Amino acid sequence: MTMVGLMNAGMIEDAAIIGGLIAVQLVYAGNAVLLSYLMSLGINSLSIVIFTSFATFLILIPFALYYERSRWPRKFSFKLLIQILLLSFGGVTLFQSLFLKGINLTSPAMGTAMPNLAPGLIFVIAWAFRLEKVNLSCTYSRVKIIGTLLCVLGALTMSIMQSISTPAPTEEGSVQLSSPPPNVMFDRQKIMGCLYLLAAILILSSNIVLQAFTLGAFPAPISLCAISSLFGAFMTTTAQLLEDHEFNTSWPLVSVQDMIGYSLLAGAVNGICLSFNGWALEKRGPVLVSMFSPVGTVCSVIFSVVTLRDTINIGSFAGMFLMFTGLYFVLWAKGKEGFAHGGGLESEFDAEKPLLS
């Protein structure tokens, strides 16, 4: 293939990765609003995790067997098995259950705003494990650090402003608070929800870096997603049995058939998104993938305005502006690093690449 052909192929791949990551965040934002609605109907968060995780496995396993069977390792080492179990427990049972509880106690907008803290956490973890190289004398490294800090600051700003915002008192179906608006930010329920979300994002950040290590020994993102979903479903079932001493499938407003239908749809969509994230992670590394999470926040706020007639205050706009400024800073720096090495968005010599090769 000629040099021009290689450049065109690289540009197409870059466009596919960026466009796909934006689409994934759009899906996640809509799903957060839908999950909040399901939990308002009385469905336990652990039940949602079990149904959707098992549906994800059923949908992805045929594709994993057909497309990636040749990429499976001949022997699963004890280390690889432990990594998969940790991914299943952290990425499915812990992260999803804590995340759903956090959304239930706060709001979908808050649930999609908190993951914007992940880039800063991932950057520190990736730096510690030498997944991300940082040279403070290099302009691009300094820009990446500044961009990450701006993204984190914007996420914090928007999270705080969303937590203290209240719906109009004349709105039917709105949540009425006994305390006056100035005390909303000290609402005990919202504080607990934020703590759940913070714990979930910390687990997610560690899980993304662990996934990068695991893909080095098991370079099959669809298969890894299917296996971890299956193990996670069993682990979550065990957690629910320990917590409730039963597996409850009798909900007052939702039938089992409806739940199965939603789970299959959500499992298909979630499986596609997770597999695409895994592929993008393998191609471009964990830091770049995580930097697209602000898109989900904006989409969630837009959905809230359209469907719930919420309002957006100036502080929320300021948080969005900071997040997108940080996002473009990091993308610019990583793009310049890639072109400096003769590649597209990032070259084969990117800081994350040696671990995955």
Side-chain angles (χ1 to χ4, degrees), residues 27-59 91-115 162-163 165-167 169 171-179 184 187-200 203 229 232-271 296 300-301 303-304 306-310:
V27 171
Y28 284 164
N31 193 50
V33 176
L34 182 57
L35 288 173
S36 179
Y37 173 73
L38 288 176
M39 286 185 287
S40 70
L41 297 178
I43 301 179
N44 186 280
S45 59
L46 292 178
S47 299
I48 295 177
V49 175
I50 293 169
F51 274 86
T52 54
S53 299
F54 191 69
T56 300
F57 166 76
L58 292 177
I59 292 169
V92 178
T93 303
L94 281 182
F95 166 68
Q96 292 191 30
S97 59
L98 289 173
F99 189 73
L100 288 176
K101 288 181 179 179
I103 289 179
N104 193 34
L105 293 175
T106 55
S107 66
M110 179 69 74
T112 51
M114 280 295 184
Q162 286 293 320
S163 68
S165 62
T166 55
E171 191 87 7
E172 286 190 9
S174 61
V175 179
Q176 299 295 326
L177 300 174
S178 57
S179 56
V184 172
D187 185 88
R188 188 173 183 179
Q189 179 173 292
K190 289 183 179 294
I191 292 175
M192 288 301 299
C194 289
L195 291 177
Y196 278 133
L197 291 173
L198 285 172
I203 293 171
S229 296
F234 284 122
M235 291 177 180
T236 310
T237 303
T238 304
Q240 188 176 46
L241 290 175
L242 292 175
E243 180 180 332
D244 302 330
H245 305 290
E246 64 176 351
F247 182 67
N248 187 16
T249 57
S250 58
W251 306 294
L253 299 176
V254 180
S255 65
V256 176
Q257 292 80 3
D258 292 337
M259 190 63 187
I260 292 175
Y262 163 75
S263 300
L264 290 174
L265 177 61
V269 175
N270 193 44
S300 179
V301 172
F303 291 158
S304 298
V306 174
T307 60
L308 305 177
R309 297 181 182 178
D310 246 341

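Everything quoted here is computed from the prediction, not taken from an experiment.
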Rounded to the nearest 0.5 Å, what separation is found between the [atom1] atom of [X] and the [atom2] atom of [Y]?
{"X": "Ile50", "Y": "Thr237", "atom1": "CD1", "atom2": "OG1", "answer": "3.5 Å"}
{"X": "Lys101", "Y": "Asn44", "atom1": "NZ", "atom2": "CG", "answer": "7.5 Å"}
{"X": "Leu38", "Y": "Leu34", "atom1": "CG", "atom2": "CG", "answer": "4.5 Å"}
{"X": "Leu241", "Y": "Thr236", "atom1": "CG", "atom2": "OG1", "answer": "11.0 Å"}

[X] to [Y] - nearest heavy-atom pair and separation:
{"X": "Val92", "Y": "Ser229", "result": "CG2-CA, 4.3 Å"}
{"X": "Ala55", "Y": "Ser263", "result": "CB-O, 3.1 Å"}
{"X": "Ser36", "Y": "Ile103", "result": "CB-CG2, 3.9 Å"}

Can you name the side chain to side chain donor-acceptor pair (under 3.5 Å) partners of [X], sequence neighbours left out?
{"X": "Tyr262", "value": "Asn31"}
{"X": "Ser97", "value": "none"}
{"X": "Thr52", "value": "none"}

Worksheet item: Is there a donor-acceptor pair closer than 3.5 Å between any side-chain N or O of Thr93 and the backbone N or O of Gly232?
Response: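 Between the backbone of Gly232 and the side chain of Thr93 there is a qualifying donor-acceptor contact (under 3.5 Å).
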Worksheet item: Taking only residues two or more places apart in sequence, or in another chain, which ones meet Tyr196 in a ring pair (Phe, Tyr, Trp, His ring centres under 6.0 Å)?
Response: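 Once residues adjacent in sequence are excluded, Tyr196 has no partner under the ring pair (Phe, Tyr, Trp, His ring centres under 6.0 Å) criterion.
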Worksheet item: Any side-chain heavy atom of Gln96 within less than 4.5 Å of one from Leu46?
Response: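 Of all side-chain heavy-atom pairs linking Leu46 with Gln96, none is under 4.5 Å.
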For [X], side chain to side chain contact (heavy atoms under 4.5 Å, CB included) partners two or more places apart:
{"X": "Leu94", "result": "Phe89, Ile203"}
{"X": "Ile260", "result": "Phe51, Val256, Leu264"}
{"X": "Leu58", "result": "Phe54"}
{"X": "Asn104", "result": "Met39"}

